[in-house]
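Residue numbers start from 1 in every chain, and the chains themselves are labelled A, B, ... in the order their sequence lines are given, proteins ahead of strands.
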Amino acid sequence: MTAVSPELDRRFRDAAARESLLDAAYDLVDSPIGTLFVATTERGFCRIVYDAEPEQELDGLARAFGLRVLRSAPPIDPARRQLDEYFHGKRHRFDLPVDIALLADFNRRVLRELARVPYGDVVTYGELAARAARPRAARAVGTVMNRNPLPIVLPCHRVIGANGKLVGYGGGLDRKEALLRLEGALL
Amino acid sequence: MVSMTPPPFERFYDEHREEIFAFLIRRLGRDRAEDAFQETFLRALRAYSKLRHGEHLRAWVYTIASRIAIDEHRRPRADAELPELASLDGRPAFAELEHLADELPPTERAAVVLRYGYDLDYAEIGTALGSNATAARQAASAGIRRLRRKEHQ
(Lines give C-alpha, C1' and ligand atoms only; values in the text may rest on other atoms or scores of the structure.)
Protein backbone atom coordinates (compact mmCIF):
# COMPACT_ATOMS: atom_id res chain seq x y z
CA MET A 1 0.00 0.00 0.00
CA THR A 2 1.56 3.29 -1.05
CA ALA A 3 -1.09 5.79 0.02
CA VAL A 4 -0.21 8.65 2.37
CA SER A 5 -1.05 7.23 5.80
CA PRO A 6 -3.12 9.25 8.29
CA GLU A 7 0.00 9.40 10.54
CA LEU A 8 2.18 10.84 7.78
CA ASP A 9 -0.55 13.31 6.85
CA ARG A 10 -0.92 14.41 10.46
CA ARG A 11 2.84 14.71 10.91
CA PHE A 12 3.02 17.14 8.01
CA ARG A 13 0.06 19.18 9.24
CA ASP A 14 1.47 19.36 12.77
CA ALA A 15 4.91 20.39 11.49
CA ALA A 16 3.43 23.11 9.26
CA ALA A 17 1.71 24.68 12.27
CA ARG A 18 4.67 24.17 14.63
CA GLU A 19 6.98 25.98 12.21
CA SER A 20 4.54 28.91 11.95
CA LEU A 21 4.20 28.50 8.20
CA LEU A 22 0.44 29.04 8.06
CA ASP A 23 -1.58 32.17 7.41
CA ALA A 24 -4.57 30.36 8.88
CA ALA A 25 -5.17 26.92 10.40
CA TYR A 26 -8.58 25.35 10.73
CA ASP A 27 -10.30 22.22 11.93
CA LEU A 28 -13.77 20.87 12.57
CA VAL A 29 -15.00 20.75 16.17
CA ASP A 30 -17.93 18.61 17.32
CA SER A 31 -20.57 20.25 19.48
CA PRO A 32 -24.11 19.50 20.65
CA ILE A 33 -25.41 22.15 18.24
CA GLY A 34 -23.62 20.79 15.20
CA THR A 35 -20.11 20.58 13.78
CA LEU A 36 -18.25 23.86 13.97
CA PHE A 37 -15.64 25.05 11.47
CA VAL A 38 -13.02 26.83 13.61
CA ALA A 39 -10.06 28.83 12.25
CA THR A 40 -7.17 30.75 13.76
CA THR A 41 -4.30 32.94 12.60
CA GLU A 42 -1.02 33.43 14.49
CA ARG A 43 -2.72 36.31 16.32
CA GLY A 44 -5.85 34.55 17.45
CA PHE A 45 -9.09 32.82 16.53
CA CYS A 46 -10.75 34.38 13.51
CA ARG A 47 -13.72 32.16 12.51
CA ILE A 48 -16.36 29.92 14.00
CA VAL A 49 -18.87 28.82 11.36
CA TYR A 50 -22.07 26.78 11.65
CA ASP A 51 -23.01 24.46 8.77
CA ALA A 52 -19.81 25.41 6.96
CA GLU A 53 -19.12 24.73 3.30
CA PRO A 54 -15.40 23.99 3.76
CA GLU A 55 -14.44 24.95 0.20
CA GLN A 56 -16.09 28.31 0.56
CA GLU A 57 -14.49 28.89 3.98
CA LEU A 58 -11.04 28.04 2.60
CA ASP A 59 -11.43 30.64 -0.13
CA GLY A 60 -12.63 33.19 2.41
CA LEU A 61 -9.68 32.56 4.72
CA ALA A 62 -7.22 32.73 1.81
CA ARG A 63 -8.65 36.06 0.66
CA ALA A 64 -8.59 37.55 4.15
CA PHE A 65 -5.33 36.19 5.58
CA GLY A 66 -3.22 34.62 2.80
CA LEU A 67 -3.00 31.45 0.71
CA ARG A 68 -1.28 29.27 3.29
CA VAL A 69 -4.47 27.83 4.74
CA LEU A 70 -4.22 24.28 6.08
CA ARG A 71 -6.28 21.98 8.25
CA SER A 72 -4.25 21.35 11.40
CA ALA A 73 -5.53 20.23 14.78
CA PRO A 74 -2.99 21.58 17.31
CA PRO A 75 -3.65 25.30 16.75
CA ILE A 76 -7.39 24.65 17.17
CA ASP A 77 -7.08 22.46 20.28
CA PRO A 78 -7.43 25.27 22.87
CA ALA A 79 -10.77 26.29 21.32
CA ARG A 80 -11.88 22.67 21.07
CA ARG A 81 -11.15 22.14 24.77
CA GLN A 82 -12.84 25.33 25.92
CA LEU A 83 -15.91 24.84 23.72
CA ASP A 84 -16.22 21.34 25.09
CA GLU A 85 -16.09 22.64 28.68
CA TYR A 86 -18.60 25.35 27.79
CA PHE A 87 -21.09 22.87 26.37
CA HIS A 88 -20.70 20.74 29.48
CA GLY A 89 -21.59 23.77 31.60
CA LYS A 90 -18.10 23.83 33.12
CA ARG A 91 -16.88 27.05 31.54
CA HIS A 92 -18.54 30.46 31.72
CA ARG A 93 -15.81 32.59 30.16
CA PHE A 94 -13.65 31.91 27.12
CA ASP A 95 -10.00 32.59 27.50
CA LEU A 96 -8.86 32.60 23.86
CA PRO A 97 -6.94 35.15 21.76
CA VAL A 98 -9.16 36.66 19.09
CA ASP A 99 -8.11 38.12 15.74
CA ILE A 100 -10.63 40.71 14.58
CA ALA A 101 -8.02 43.18 13.32
CA LEU A 102 -9.45 43.18 9.78
CA LEU A 103 -12.91 44.33 10.83
CA ALA A 104 -14.09 47.94 10.64
CA ASP A 105 -13.60 50.12 13.77
CA PHE A 106 -17.29 50.18 14.64
CA ASN A 107 -17.59 46.39 14.38
CA ARG A 108 -14.56 45.89 16.59
CA ARG A 109 -15.88 48.30 19.22
CA VAL A 110 -19.29 46.61 19.30
CA LEU A 111 -17.70 43.14 19.51
CA ARG A 112 -15.45 44.24 22.36
CA GLU A 113 -18.53 45.45 24.28
CA LEU A 114 -20.31 42.23 23.39
CA ALA A 115 -17.46 40.21 24.90
CA ARG A 116 -18.21 41.86 28.25
CA VAL A 117 -21.83 40.64 28.40
CA PRO A 118 -21.60 37.90 31.02
CA TYR A 119 -22.70 34.29 30.85
CA GLY A 120 -26.36 33.84 31.71
CA ASP A 121 -27.15 37.50 31.01
CA VAL A 122 -28.81 39.13 27.99
CA VAL A 123 -28.68 42.61 26.54
CA THR A 124 -30.82 44.36 23.90
CA TYR A 125 -29.47 45.60 20.56
CA GLY A 126 -30.15 49.17 21.73
CA GLU A 127 -28.28 48.73 25.02
CA LEU A 128 -25.29 47.25 23.26
CA ALA A 129 -25.34 50.19 20.81
CA ALA A 130 -25.34 52.59 23.77
CA ARG A 131 -22.40 50.78 25.38
CA ALA A 132 -20.49 51.16 22.12
CA ALA A 133 -21.21 54.94 22.31
CA ARG A 134 -23.69 54.85 19.40
CA PRO A 135 -27.07 54.78 21.19
CA ARG A 136 -29.12 55.14 17.98
CA ALA A 137 -27.31 52.40 16.10
CA ALA A 138 -29.39 49.41 17.27
CA ARG A 139 -29.95 48.30 13.67
CA ALA A 140 -26.26 48.58 12.80
CA VAL A 141 -25.50 46.52 15.91
CA GLY A 142 -27.88 43.89 14.54
CA THR A 143 -25.83 43.77 11.35
CA VAL A 144 -22.60 43.42 13.33
CA MET A 145 -24.15 40.52 15.27
CA ASN A 146 -25.26 38.90 12.05
CA ARG A 147 -21.70 39.05 10.70
CA ASN A 148 -20.02 38.07 13.98
CA PRO A 149 -16.99 36.02 12.87
CA LEU A 150 -16.80 34.17 16.22
CA PRO A 151 -20.25 33.18 17.46
CA ILE A 152 -20.40 31.47 20.88
CA VAL A 153 -16.97 32.86 21.89
CA LEU A 154 -18.16 36.40 21.15
CA PRO A 155 -21.64 35.82 22.57
CA CYS A 156 -24.02 37.39 20.06
CA HIS A 157 -26.65 34.88 21.24
CA ARG A 158 -26.96 37.08 24.36
CA VAL A 159 -28.32 39.99 22.34
CA ILE A 160 -32.13 40.11 22.05
CA GLY A 161 -34.92 42.48 21.02
CA ALA A 162 -36.28 45.25 23.25
CA ASN A 163 -39.55 43.30 23.51
CA GLY A 164 -37.73 40.22 24.84
CA LYS A 165 -37.97 38.35 21.53
CA LEU A 166 -34.89 36.49 20.35
CA VAL A 167 -35.14 38.27 16.94
CA GLY A 168 -32.47 36.49 14.89
CA TYR A 169 -29.26 34.48 14.86
CA GLY A 170 -26.73 33.70 12.14
CA GLY A 171 -26.82 30.00 13.04
CA GLY A 172 -30.64 29.89 13.30
CA LEU A 173 -32.94 30.71 16.22
CA ASP A 174 -32.93 27.10 17.49
CA ARG A 175 -29.26 27.43 18.29
CA LYS A 176 -29.67 30.82 19.96
CA GLU A 177 -32.34 29.31 22.13
CA ALA A 178 -30.22 26.24 22.94
CA LEU A 179 -27.27 28.42 23.98
CA LEU A 180 -29.40 30.70 26.18
CA ARG A 181 -31.04 27.65 27.74
CA LEU A 182 -27.63 26.11 28.44
CA GLU A 183 -26.60 29.33 30.18
CA GLY A 184 -29.81 29.43 32.20
CA ALA A 185 -30.91 32.72 30.63
CA LEU A 186 -34.12 31.10 29.33
CA LEU A 187 -36.52 29.15 31.44
CA MET B 1 -4.36 34.15 -20.86
CA VAL B 2 -5.95 34.76 -17.48
CA SER B 3 -3.50 34.81 -14.61
CA MET B 4 -5.01 32.51 -12.04
CA THR B 5 -4.35 32.83 -8.32
CA PRO B 6 -2.98 29.70 -6.65
CA PRO B 7 -5.62 27.84 -4.60
CA PRO B 8 -5.56 27.79 -0.78
CA PHE B 9 -2.69 25.48 0.23
CA GLU B 10 -5.05 22.83 1.61
CA ARG B 11 -6.51 22.26 -1.84
CA PHE B 12 -3.09 22.18 -3.50
CA TYR B 13 -1.84 19.65 -0.91
CA ASP B 14 -4.95 17.52 -1.21
CA GLU B 15 -4.64 17.42 -4.98
CA HIS B 16 -0.98 16.42 -5.18
CA ARG B 17 0.00 14.54 -2.02
CA GLU B 18 -0.77 11.01 -3.26
CA GLU B 19 1.09 11.25 -6.55
CA ILE B 20 4.05 13.02 -4.94
CA PHE B 21 4.28 10.32 -2.26
CA ALA B 22 4.10 7.59 -4.93
CA PHE B 23 6.82 9.40 -6.89
CA LEU B 24 9.07 9.65 -3.80
CA ILE B 25 8.58 5.96 -3.03
CA ARG B 26 9.73 5.09 -6.56
CA ARG B 27 12.78 7.29 -6.14
CA LEU B 28 13.79 6.58 -2.55
CA GLY B 29 12.00 3.52 -1.30
CA ARG B 30 9.28 3.47 1.29
CA ASP B 31 11.38 4.30 4.39
CA ARG B 32 12.99 7.46 3.15
CA ALA B 33 9.95 8.62 1.19
CA GLU B 34 8.11 9.65 4.35
CA ASP B 35 10.66 12.24 5.47
CA ALA B 36 11.08 13.46 1.91
CA PHE B 37 7.30 13.81 1.62
CA GLN B 38 7.07 16.05 4.66
CA GLU B 39 10.08 18.08 3.53
CA THR B 40 8.60 18.53 0.03
CA PHE B 41 5.37 20.03 1.27
CA LEU B 42 7.03 22.12 3.99
CA ARG B 43 9.31 23.56 1.33
CA ALA B 44 6.32 24.18 -0.94
CA LEU B 45 4.54 25.90 1.94
CA ARG B 46 7.51 28.18 2.60
CA ALA B 47 7.53 29.32 -1.01
CA TYR B 48 3.78 29.32 -1.54
CA SER B 49 2.98 32.95 -0.80
CA LYS B 50 5.63 34.06 -3.29
CA LEU B 51 3.95 32.31 -6.23
CA ARG B 52 2.66 34.82 -8.73
CA HIS B 53 0.14 32.57 -10.41
CA GLY B 54 -1.45 29.15 -10.10
CA GLU B 55 -0.22 27.63 -13.35
CA HIS B 56 2.03 24.58 -13.50
CA LEU B 57 1.73 23.92 -9.78
CA ARG B 58 2.00 20.24 -10.45
CA ALA B 59 5.30 20.60 -12.31
CA TRP B 60 6.44 22.96 -9.57
CA VAL B 61 5.84 20.50 -6.73
CA TYR B 62 7.43 17.66 -8.75
CA THR B 63 10.48 19.88 -9.14
CA ILE B 64 10.67 20.37 -5.37
CA ALA B 65 10.19 16.64 -4.73
CA SER B 66 12.87 15.76 -7.29
CA ARG B 67 15.36 18.12 -5.73
CA ILE B 68 14.72 16.66 -2.30
CA ALA B 69 15.03 13.11 -3.65
CA ILE B 70 18.39 14.01 -5.17
CA ASP B 71 19.63 15.51 -1.89
CA GLU B 72 18.44 12.41 -0.06
CA HIS B 73 20.36 10.22 -2.48
CA ARG B 74 23.53 12.18 -1.92
CA ARG B 75 23.29 11.98 1.83
CA PRO B 76 25.49 9.22 3.16
CA ARG B 77 23.64 6.72 5.26
CA ALA B 78 24.46 3.63 7.24
CA ASP B 79 22.20 1.15 5.51
CA ALA B 80 23.18 2.00 1.94
CA GLU B 81 21.21 -0.43 -0.19
CA LEU B 82 20.14 1.89 -2.96
CA PRO B 83 22.84 2.56 -5.56
CA GLU B 84 23.80 6.17 -6.20
CA LEU B 85 22.43 7.40 -9.50
CA ALA B 86 25.25 7.98 -11.94
CA SER B 87 23.21 10.56 -13.82
CA LEU B 88 23.26 12.86 -10.80
CA ASP B 89 26.90 13.66 -11.40
CA GLY B 90 25.90 15.99 -14.18
CA ARG B 91 23.79 18.13 -11.91
CA PRO B 92 26.03 21.17 -11.29
CA ALA B 93 25.93 22.03 -14.99
CA PHE B 94 22.23 22.36 -14.57
CA ALA B 95 22.57 25.61 -12.63
CA GLU B 96 23.31 27.28 -15.97
CA LEU B 97 20.59 25.43 -17.77
CA GLU B 98 17.96 26.53 -15.28
CA HIS B 99 18.90 30.14 -15.80
CA LEU B 100 18.71 29.81 -19.58
CA ALA B 101 15.45 27.94 -19.35
CA ASP B 102 13.83 30.95 -17.70
CA GLU B 103 13.19 32.38 -21.12
CA LEU B 104 11.29 29.36 -22.44
CA PRO B 105 7.51 29.07 -22.55
CA PRO B 106 6.33 27.47 -19.26
CA THR B 107 5.62 23.95 -20.55
CA GLU B 108 8.91 23.68 -22.41
CA ARG B 109 10.77 25.09 -19.44
CA ALA B 110 9.18 22.60 -17.06
CA ALA B 111 9.93 19.71 -19.44
CA VAL B 112 13.57 20.75 -19.91
CA VAL B 113 14.13 21.36 -16.20
CA LEU B 114 12.53 18.12 -15.10
CA ARG B 115 14.31 16.07 -17.77
CA TYR B 116 17.82 17.47 -17.70
CA GLY B 117 17.86 19.07 -14.28
CA TYR B 118 16.10 16.41 -12.29
CA ASP B 119 16.42 13.35 -14.44
CA LEU B 120 12.75 12.43 -14.49
CA ASP B 121 11.75 10.10 -17.29
CA TYR B 122 9.25 11.27 -19.88
CA ALA B 123 6.36 9.35 -18.38
CA GLU B 124 6.91 11.13 -15.04
CA ILE B 125 7.26 14.49 -16.73
CA GLY B 126 4.07 13.82 -18.69
CA THR B 127 2.30 13.14 -15.39
CA ALA B 128 3.72 16.29 -13.82
CA LEU B 129 2.57 18.38 -16.76
CA GLY B 130 -0.85 16.80 -16.98
CA SER B 131 -0.15 15.33 -20.43
CA ASN B 132 1.74 12.18 -21.48
CA ALA B 133 5.21 10.88 -22.26
CA THR B 134 5.04 11.77 -25.96
CA ALA B 135 3.97 15.34 -25.31
CA ALA B 136 6.66 15.67 -22.62
CA ARG B 137 9.35 14.44 -25.04
CA GLN B 138 8.18 16.90 -27.68
CA ALA B 139 8.12 19.79 -25.19
CA ALA B 140 11.62 18.97 -23.95
CA SER B 141 13.12 18.75 -27.42
CA ALA B 142 11.31 21.88 -28.57
CA GLY B 143 12.76 23.62 -25.50
CA ILE B 144 16.28 22.37 -26.24
CA ARG B 145 16.03 23.49 -29.88
CA ARG B 146 14.88 26.91 -28.75
CA LEU B 147 17.76 27.16 -26.28
CA ARG B 148 20.27 26.21 -29.01
CA ARG B 149 18.87 28.90 -31.31
CA LYS B 150 19.18 31.47 -28.53
CA GLU B 151 22.74 30.36 -27.89
CA HIS B 152 23.68 30.96 -31.52
CA GLN B 153 22.04 34.33 -31.75
Contacts satisfying side chain to side chain donor-acceptor pair (under 3.5 Å) that involve residues 142-165 of chain A (not counting sequence neighbours) are A/His157-A/Glu183, A/Arg158-A/Glu183

Side chains of A/Tyr86 and A/Val153: closer than 4.5 Å at any heavy-atom pair? no

If one checks every heavy atom of A/Arg13 against chain B at 4.5 Å, the contacting part turns out to be side chain

With chain B, the option among A/Ala62, A/Ala15, A/Gly66 that has the most non-hydrogen atom pairs under 4.5 Å is A/Ala15

- Hey, are A/Tyr169 and A/Glu177 close enough side-chain-wise for a donor-acceptor pair under 3.5 Å? no

When the 4.5 angstrom heavy-atom criterion is applied to B/Tyr13 and chain A, the contacting part is side chain

Turns out that what part of A/Leu22 lies under 4.5 Å from chain B's heavy atoms comes down to side chain

Turns out that what part of A/Glu55 lies under 4.5 Å from chain B's heavy atoms comes down to both

Note: vs chain A, highest number of non-hydrogen pairs under 4.5 angstrom among B/Glu18, B/Arg46, B/Glu39 is B/Glu18

Query raised in the report: Can B/Arg17 be said to sit on top of B/Phe37's aromatic six-ring, NZ or CZ under 6.0 Å from centre and within 45° of the ring axis?
Result: no

Residue pairs meeting salt bridge (charged side-chain N to carboxylate O under 4.0 Å, His left out), one or both in residues 31-49 of chain A, sequence neighbours left out, come to A/Arg43-A/Asp99

